[in-house]
Amino acid sequence: MAKHISEKALRYDLTVPFARYVVMHQHEISFPFKRYQIQPVWRADRPQKGRYREFHQCDVDVIGSNSLLNELELIQLTIDIFNKLNISVVIKINNRKILEGFAESLGLKDKFNDFITILDKIDKITIHDAKNELHKKGFSDDEILKIVESIKSMRQLESNDQKLDFVKEFCKTSEIGMKGIQEVENIFDYLKSLPAEYSGFLKTEQIEFDFSLARGLNYYTGAIFEVKARNIAMGSICGGGRYDDLTGIFGLPNVSGVGISFGADRIYDVLSELRLFPKNTDVTSQLLFVNLGAEEEKYCLALAAETRKNGINTELFPHAAKLKKQLDYANANHIPYVAIIGTNEIKSKQITVKNMNSGEQMELNINKLIELLKGMLF
RNA sequence: GUGACCAUAGUUUAAUGGUAGAACUGCGGGUUGUGGUCCCGCUAGUGAGGGUUCAAUUCCCUCUGGUCACCCCA
């Protein structure tokens, strides 16, 4: 029953619904159409590390344009994002047409999917396992030999150029394969042609041509991407590709798009495991007004309203308590400044402000306090 | 879909077929309005249901939840 429901009722990705949206609104949309979308999606699998039943995808797509400039833009955006998050990544790119070229050159077009599945595992399995699996899937001895031989030679390649040369040689008789190679080369050309002042953030060694990258999705027709974080055992945190006819299933054929999707939960896991979250993310308040009694709290209420009006995140401790308790609270919540106001301060119209990092304390009026704290914001 | 392992306080974890112990957190105290260290105290727990037993947190079964891997990755 659960399976029955999950097959029919779960949203598995954002791209297919996006294609439906585009078809439904085709007369209102001006192409090329770009959008981003962040929403939960579901998986009907049993959960395990990095795989949740519910998780969040952040999709970016451009539909209605064949230009490889779109692929480039998505790569730029991806680099930019992971640089900002301080996550060291490898962006793998491949092209579905190259995979087809492989299959064609090996005479395996009719067994494309099985072949791709093996190719995708090239790094993880031994030759022996590969043979077994191919055998199980019904490949002939001759075919197995051809595949295994090519896997062996592929494994010796290291640089992007070596790999490109290899596939060029391998696919030279396949028209579609050559087209895929050309697309990959064009993308690399674009990347290389970016002027230094704009490509300062581009570290091309982060971008790897990986012809064994397949992606499960069968709607991809051109470029495919996958991003893996370095220094951590975690599946891909980002993936995407070009789809030439996704809208076709909803009745609008031949509208090509390209998109990429970031797995928010896995990215969170990476940030968390690698301790890359900035320390100050839990800083919410800049200033705490201590509460020393009924009269004081009323007095502070007005002052807190004033600091808040000036854009300073302010708290007033919600009940009278020992000073120690309230200072502990400020420490625990990383509140950098505490305003201490008792009968003396009320009388003198001054505010005793304590810097919780240095321990320094001074008396100021409200305007000076606001000035001080505004100077701390940036 | 397959397999392995796990379930004890808010958290991390001990232990036993016979009173479930600790650490951290939280709260209170160490005399008045000055914190982060230290000392003392308090709160709080065996996932649910059934079975075996004089007695089950412990052994058995079912369920639920979780972890990891395979398959798969929409």
Side-chain angles (χ1 to χ4, degrees), chain A residues 1-20 39-55 57 59 113-114 116-121 124-125 129 132-133 136-137 213-220 224 226 228 233-241 243 246 249 259 261 263 265-266 269 273 288-293 295-297 299-300 317 319-348 350-363:
Chain A
M1 188 59 182
K3 188 177 181 217
H4 205 70
I5 291 169
S6 61
E7 268 171 14
K8 302 255 187 268
L10 254 34
R11 184 209 293 143
Y12 296 114
D13 72 2
L14 302 178
T15 313
V16 174
F18 169 61
R20 184 175 56 88
Q39 278 195 295
V41 295
W42 293 273
R43 209 105 300 188
D45 279 332
R46 288 172 62 167
Q48 55 184 278
K49 186 174 184 175
R51 180 186 287 184
Y52 304 100
R53 286 227 166 103
E54 180 185 67
F55 59 105
Q57 284 190 337
D59 269 38
N113 285 332
D114 287 336
I116 291 309
T117 307
I118 291 289
L119 188 65
D120 194 40
K121 291 182 189 169
K124 295 173 214 156
I125 59 175
D129 291 337
N132 279 347
E133 200 157 327
K136 246 187 277 171
K137 297 249 159 113
L213 173 64
R215 310 248 340 127
L217 303 231
N218 50 21
Y219 54 67
Y220 289 131
I224 43 187
E226 202 163 282
K228 290 203 71 170
M234 175 71 69
S236 67
I237 51 179
C238 179
Y243 38 87
L246 235 196
I249 53 174
S261 181
D265 305 77
R266 280 188 179 182
D269 288 342
E273 268 192 57
L288 171 72
F289 279 93
V290 151
N291 186 331
L292 294 176
E295 197 183 324
E296 289 91 338
E297 78 181 17
Y299 184 83
C300 289
F317 202 80
H319 58 265
K322 296 181 77 165
L323 235 202
K324 172 179 161 54
K325 164 68 190 161
Q326 302 191 47
L327 294 176
D328 280 342
Y329 173 83
N331 282 330
N333 291 287
H334 305 113
I335 299 173
Y337 291 92
V338 172
I340 301 167
I341 293 172
T343 46
N344 296 342
E345 283 82 1
I346 294 178
K347 221 177 283 172
S348 67
Q350 294 289 297
I351 297 167
T352 297
V353 185
K354 188 180 184 71
N355 177 325
M356 293 302 283
N357 293 316
S358 66
E360 277 176 275
Q361 215 165 285
M362 54 179 128
E363 288 195 15

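Only heavy atoms go into these numbers, but all of them, side chains included; no hydrogens, no water, no symmetry mates. Lettering of chains follows the sequences in order, A, B, ..., and the numbering in each one begins at 1.
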Provide the distance between the two [atom1] atoms, one in [N] and one in [M], to the nearest whole Å.
N	M	atom1	value
rG28(B)	rU37(B)	P	16 Å
rU58(B)	rG51(B)	P	14 Å
rU46(B)	rG10(B)	P	9 Å
rG17(B)	rC27(B)	P	38 Å
rC5(B)	rG41(B)	P	42 Å
rC71(B)	rA15(B)	C1'	40 Å
rG45(B)	rA14(B)	C1'	13 Å
rG21(B)	rC42(B)	P	13 Å

Between the base of [N] and the side chain of [X], is there any donor-acceptor pair under 3.5 Å?
X	N	value
R51(A)	rC72(B)	yes
R215(A)	rC73(B)	no
R46(A)	rG66(B)	no

Check: Within a radius of less than 6.0 Å around CD of E295(A), do more than 12 heavy atoms belonging to other residues, nucleotides or ligands occur?
Finding: no
Check: Is a side-chain donor or acceptor of R266(A) paired with a backbone partner of I237(A) at a separation under 3.5 angstrom?
Finding: no
Paired nucleotide for [N] [Watson-Crick or G-U wobble; both distances under 3.5 Å]:
N	value
rA44(B)	none
rU57(B)	none
rC70(B)	rG1(B)

Check: For every nucleotide of nucleotides 25-38 of chain B, 5' to 3': is a protein heavy atom under 4.0 Å from its base (B), only from its sugar-phosphate (S), or from neither (-)?
Finding: --SSSS--BBBB--
